[in-house]
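Step one of this worksheet: look at the structure below.
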Amino acid sequence: MFWLSKGENLQLKDKVALITGSARGIGREIALTFAKEGASVVICDINTELANQTQKEFKAMGFDVLSFGVDVTKFEQVEEMLNKILDKFKRIDILVNNAGIARDNLILRLSEADWDAVLNVNLKGTFNCTKAVSRVMLKQKSGNIINIASIIGMIGNPGQANYAASKAGIIALTKSVAREFASRGIRCNAVAPGYIQTEMTAKLSPDVTEKLLNQIPLGKLGSPADVAGVCLFLASSESSYITGQTIVVDGGMAM
Ligand code: NAP
């Protein structure tokens with residue numbers, strides 16, 4: 001593989017990185033970007049079949065990755081996965097909390113089930129994985145946690161109260177984790193994407209997409225690679241003096 005020829009220049013050489021929700025979309029792109037930079041990558045997704053398929057695709061590209069079918073809302077499943085990661089690698093260096101869902105509706109029509117589902121996956125899932133890896137990172141006295149938030153967690157959106165609240169919660173959680181663990185060599189930052197071309201946004205009608213494009217100064221939706229590049233920066237030593245921050249990747253939409 002051409003990127004492996006960069007040898008010593010690989011930014012994540014010898015790092016073990018767990019990316020949640022990485023069977024597809026933004027998470028998959030982050031996993032691939034990290035693998036290309038030399039990380040040992042762990043794919044984790046609620047969709048076991050797709051996670052295994054993604055693992056096969058990565059193997060075909062020359063990357064030996066682990067894959068797990070895990071629901072991040074279930075702490076015991078996360079712990080079980082982490083123990084297997086530790087059996088193989090003995091350490092965990094990077095966690096990207098990317099798994100996320102949306103269940104949109106206006107407040108008067110928003111069901112308790114949809115409120116709970118979104119808060120559970122997006123916010124509690126982030127807490128569960130952070131709690132599990134922090135035990136190991138605190139012992140290592142090093143670690144790097146990256147949380148995928150959203151600009152909706154900063155500016156809100158009609159029909160997305162549950163999603164916005166979960167993502168605002170992630171931004172606050174990021175700052176607390178950063179403050180709690182900074183003295184132990186662990187950094188924690190968030191990335192807040194705007195509208196990125198994935199299956200999540202493919203469901204938007206052409207009308208809505210057109211309206212969105214008019215609000216984006218750079219005039220286009222973002223790509224998963226735009227988000228993955230910022231995650232790589234945060235995961236690498238290039239950002240070693242940055243913690244507790246939320247970096248917006250939105251083509252200028254929310255400024
Ligand atoms: P996506 O294509 O839907 O991918 C998310 C992945 O997470 C899916 O494979 C999904 O599996 C998995 N997942 C869902 N619930 C899970 C759980 N309980 N445990 C483990 N994995 C779970 O979404 P995406 O667009 O790549 O978004 C990735 C992240 O970026 C999310 O946190 C999202 O909120 C955030 N984000 C996206 C955009 C955007 O424009 N796309 C903008 C801002 C922020 P299933 O398919 O089986 O549910």
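As the structure is a computational prediction, the values presented were derived from the model and not from experiment. Values reported hereafter were calculated over all heavy atoms of this structure, with side chains retained and with hydrogens, waters and symmetry mates removed.
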Test side-chain contact (heavy atoms from CB on, under 4.5 Å) applied to Asn52 and Glu49, step by step: CA-CA 5 Å; Asn52 291 339; Glu49 209 175 306; 5.9 Å; no
Using a 3.5 Å distance criterion without hydrogens, assess whether the side chain of [X] forms a donor-acceptor pair with backbone atoms of [Y].
X	Y	value
Ser67	Ile43	no
Thr20	Ala99	yes
Asp45	Gly69	no
Gln55	Val65	yes
Lys175	Thr243	no
Ser111	Asp114	yes
Ser236	Gln11	no
Thr54	Ala23	yes
Asp64	Lys59	no

For [X] against [Y], the heavy-atom pair lying closest together:
X	Y	answer
Met137	Leu95	CE-N, 4.1 Å
Ala178	Cys188	CB-O, 3.7 Å
Gly21	Asn98	O-ND2, 3.1 Å
Ile92	Leu86	N-CD2, 4.4 Å
Tyr163	Ile101	CD1-O, 3.4 Å
Ala235	Phe34	CB-CZ, 3.7 Å

Set of residues satisfying side chain to side chain contact (heavy atoms under 4.5 Å, CB included) with respect to [X], sequence neighbours excluded:
X	answer
Asp226	Ser223, Val249
Arg179	none
Asn105	Arg109, Leu110
Lys84	Phe68, Glu80

Leu213/Tyr195 under side-chain contact (heavy atoms from CB on, under 4.5 Å): CA gap, chis, key distance, verdict: CA-CA 9 Å; Leu213 287 175; Tyr195 285 87; over 6 Å; no
Working to the nearest 0.5 Å, report the span between [atom1] of [X] and [atom2] of [Y].
X	Y	atom1	atom2	result
Lys220	Gln197	NZ	CD	10.0 Å
Thr130	Phe181	OG1	CZ	8.0 Å
Lys167	Ile155	NZ	CD1	14.0 Å
Gln160	Asp104	CD	CG	4.0 Å
Lys36	Leu32	NZ	CG	4.5 Å
Ile30	Leu232	CD1	CG	10.5 Å

Residues forming a side-chain hydrogen bond (donor to acceptor under 3.5 Å, both in side chains) with Glu112, sequence neighbours excluded: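 If we apply the side-chain hydrogen bond (donor to acceptor under 3.5 Å, both in side chains) test to Glu112, skipping adjacent residues, there are no hits.
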With sequence neighbours excluded, residues passing side-chain hydrogen bond (donor to acceptor under 3.5 Å, both in side chains) with Gln77: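 Checked Gln77 against side-chain hydrogen bond (donor to acceptor under 3.5 Å, both in side chains); zero matches.
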How would you list all residue pairs meeting side chain to side chain donor-acceptor pair (under 3.5 Å) that involve [range], not counting sequence neighbours?
range	result
residues 116-129	Asn122-Ser166
residues 142-153	Asn97-Asn147, Asn147-Thr174
residues 202-219	none
residues 244-255	none

[Y] side chain reached by [X] side chain, heavy atoms, under 4.5 Å:
X	Y	value
Ile94	Val16	no
Leu82	Val136	yes
Ile19	Cys44	no
Leu18	Val96	no

Where at least one partner belongs to residues 128-152, residue pairs that pass salt bridge (Lys or Arg N to Asp or Glu O under 4.0 Å), sequence neighbours excluded: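 Salt bridge (Lys or Arg N to Asp or Glu O under 4.0 Å) check on residues 128-152 returns Glu79-Arg135.
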Pairs where residues 26-35 contributes a residue and the test salt bridge (Lys or Arg N to Asp or Glu O under 4.0 Å) is met, not counting sequence neighbours: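 Listed by first then second residue: Arg28-Glu57.
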Same cluster (ILVMFWY, side-chain, under 4.5 Å), Ile146 and Val42: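 The answer is no; the residues belong to distinct hydrophobic clusters.
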side-chain contact (heavy atoms from CB on, under 4.5 Å) assessment of Cys231 paired with Ile148: CA-CA 9 Å; Cys231 290; Ile148 306 300; 3.8 Å; yes
Polar side chain donor-acceptor pair, Ser239 to Arg187, under 3.5 angstrom: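 Yes - a donor-acceptor pair under 3.5 Å links their side chains.
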